[in-house]
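Within every chain, numbering begins at 1; the chains are lettered A, B, ... in the order of the sequence lines, protein sequences first and strands thereafter. Below, each value reflects all heavy atoms present in this structure, side chains not excepted, and no hydrogens, waters or symmetry copies.
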2 protein chains.
Amino acid sequence: MITTQQQPCVTVDLVLLTLKNDELLASLVKRDHEPLAGVWTLPGGRVHPDEDQDALGAAVRILKAKAGLTSPYLEQLHTFSGAHRDPRGWSVSIVHYALVPYASVQERGNDRLWWVPVEECRSLPFDHLSILRLAVARVRSKTLYSSLPVHLMPKTFSLSELQRVYEVLLRAPLDKRTFRRRIEELDVVERVPGLLQKDGAHRPAQQYRLKPFRAHALATADSNLALRA
Amino acid sequence: MITTQQQPCVTVDLVLLTLKNDELLASLVKRDHEPLAGVWTLPGGRVHPDEDQDALGAAVRILKAKAGLTSPYLEQLHTFSGAHRDPRGWSVSIVHYALVPYASVQERGNDRLWWVPVEECRSLPFDHLSILRLAVARVRSKTLYSSLPVHLMPKTFSLSELQRVYEVLLRAPLDKRTFRRRIEELDVVERVPGLLQKDGAHRPAQQYRLKPFRAHALATADSNLALRA
DNA sequence: TTAATAGTGTCTGTCAGACACTATGTG
DNA sequence: CACATAGTGTCTGACAGACACTATTAA
């Protein structure tokens, strides 16, 4: 493989995010090849032209292989490239980010995944720290004006729980009335008829779920365009 | 690994946009190689690992080579990839978009560039029409909340001219007072001291220019994050 | 009853839109 | 002067934030 050097190596890396105990977590895997075998990095892998339709397809495949997840919210983030990001030479990483409910992470308990609070990630190999930071920034930014965080929720949830998730992502308290008005306008969740959550000495909460047609949003491009147009 | 063929071809394509006579124009070039030699497409080319630092560097090089332009607003748009977008096989295009003042297009008059009103682009080879549409949508979207369109303006301009550009991009009339309040808040342009534009039987207009530190914005990532944080 | 959280009614300050007004040039 | 465009003052309706209030459960 002397000429492979001429053509850049094309990979897909993933930033897999979930929320547990009011903390945003990212998943890392242990590298099994050199260079840096045994070091924790973002999950990723080469594109397989023979089996992947496109980069999104590769992301789906890698997500399935490394995390056992099949249909979370998945969107292209940015493409990182250059001569110096990987010691093996000029490389391209088409980075995608995914949001997963912590419940589905637990279901498919996967020892090879390590979930780290994003705030505690201070160093990662290659350019993976910048990648992680960009993904987190993107999610926080979209949280300001979209319903993106619903993809971090379990199948059903209360509006108070959803508000808590927004507050964690935005690192600021939100007003209950304002929050509920916004969510209603966004029109992405619906009441689960008759389902209440009783969990303590207080009024039970109406349960909500993602509206069906939004449930498997695989955004291939800037889906926020529609929101503001 | 027998597999140089297996490695996808990595290219950078450009959506070069300018504004002339109240119309948004995109630039096309005539392909000089097969397949589709002689057909008009978006400018682009392979990444040159030996001379390009990264994809942005390749974009800058291609922009210089094909359009003679050196420092317009340039930003990564999206990466298009897959087995079916190019007959030669699995390919990756890291698409960037650039905004250029029509004045600088004229200076470096380049016969090989054809400027087409984006509304009139009804078909392009490969997936270039989707690419063009996404770029235009991105620019229009950012116009709603950012100062992006200033990069389409000549060195100095009046606020009325800038408003006209916003109106063309948004395809809607804007209120003068509201527009000027917004531009002032964005804090990206400054008065050119004492410079007035006299062009008719009416009060002359104060000239403005980009604030210096923003003049050469080469965004490597989502620069709109900062705007909304 | 109290405590705790769910959910609603409603006031108010802010601000975008609307638009009338003034300013300043040419002919 | 008339006319055209530049630029400003200011009113107002809509709405986000604030917060008090009611609702409903367990203990």
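The listed nucleotides are D:dG7, D:dT24, D:dT25; the one nearest the side chain of B:Gln206 is D:dG7.
Atom OH of B:Tyr145 and atom C1' of C:dC15 are 21 Å apart (whole Å). B:Leu174 places its CG atom 17 Å from the C1' atom of D:dG7, with the value rounded to the nearest Å. Rounded to whole Å, the distance from CG on B:Asp199 to P on D:dC3 is 20 Å. Taking atom NZ of residue B:Lys198 and atom P of nucleotide C:dG27, one finds them 11 Å apart after rounding to whole Å. Nucleotide D:dA14 holds its P atom 15 Å from the CD atom of A:Glu185, rounded to whole Å. The interatomic distance linking B:Arg164 (CZ) with D:dA6 (C1') rounds to 17 Å, in whole Å. Between the C1' atom of C:dG17 and the CG atom of B:Leu144 lies a distance of 16 Å, rounded to the nearest Å. Look at CD on B:Gln197: it is 17 Å from P on C:dT24, rounded to the nearest Å.
Note on residues 153-171 of chain A: pairs passing salt bridge (Lys or Arg N to Asp or Glu O under 4.0 Å), not counting sequence neighbours, are A:Asp22-A:Arg164, A:Glu119-A:Arg171, A:Arg164-A:Glu167.
The side-chain heavy atoms of B:Leu28 and B:Leu124, taken from C-beta on, include a pair separated by under 4.5 Å.
Each of A:Leu196 and B:Leu159 lies near DNA chain D, and the nucleotide nearest B:Leu159 is the one positioned closer to the 5' end.
The two residues A:Gln207 and A:Leu196 make their nearest non-hydrogen contact at CG-C, 4.3 Å. Of all the heavy atoms in B:Leu113 and B:Ala67, the pair that sits closest is CD1-CB, 3.6 Å. Across all non-hydrogen atoms, the minimal contact from A:Arg140 to A:Leu170 is O-CD2, 3.8 Å.
Taking the six-membered ring where the residue is Trp, B:Tyr97 and B:Tyr73 present tilted rings, their angle falling between 30° and 60°. Classification of the B:Tyr166-B:Phe179 ring pair by plane angle, with boundaries at 30° and 60°, yields perpendicular.
Phosphate contact (OP1/OP2 of D:dA4, side-chain N/O of B:Arg203, threshold under 4.0 Å): absent. Contact between the side-chain N/O atoms of B:Ser160 and the OP1/OP2 oxygens of D:dA6 is found at a separation under 4.0 Å.
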Strictly under 3.5 Å: I want the nitrogen or oxygen pairs between protein and nucleotides 17-20 of chain D, one per line.
residue	atom	partner	partner atom	Å
D:dG17	N7	A:Arg181	NH2	2.6
D:dA18	N7	A:Asp175	OD1	3.4
D:dA18	N7	A:Asp175	OD2	3.2

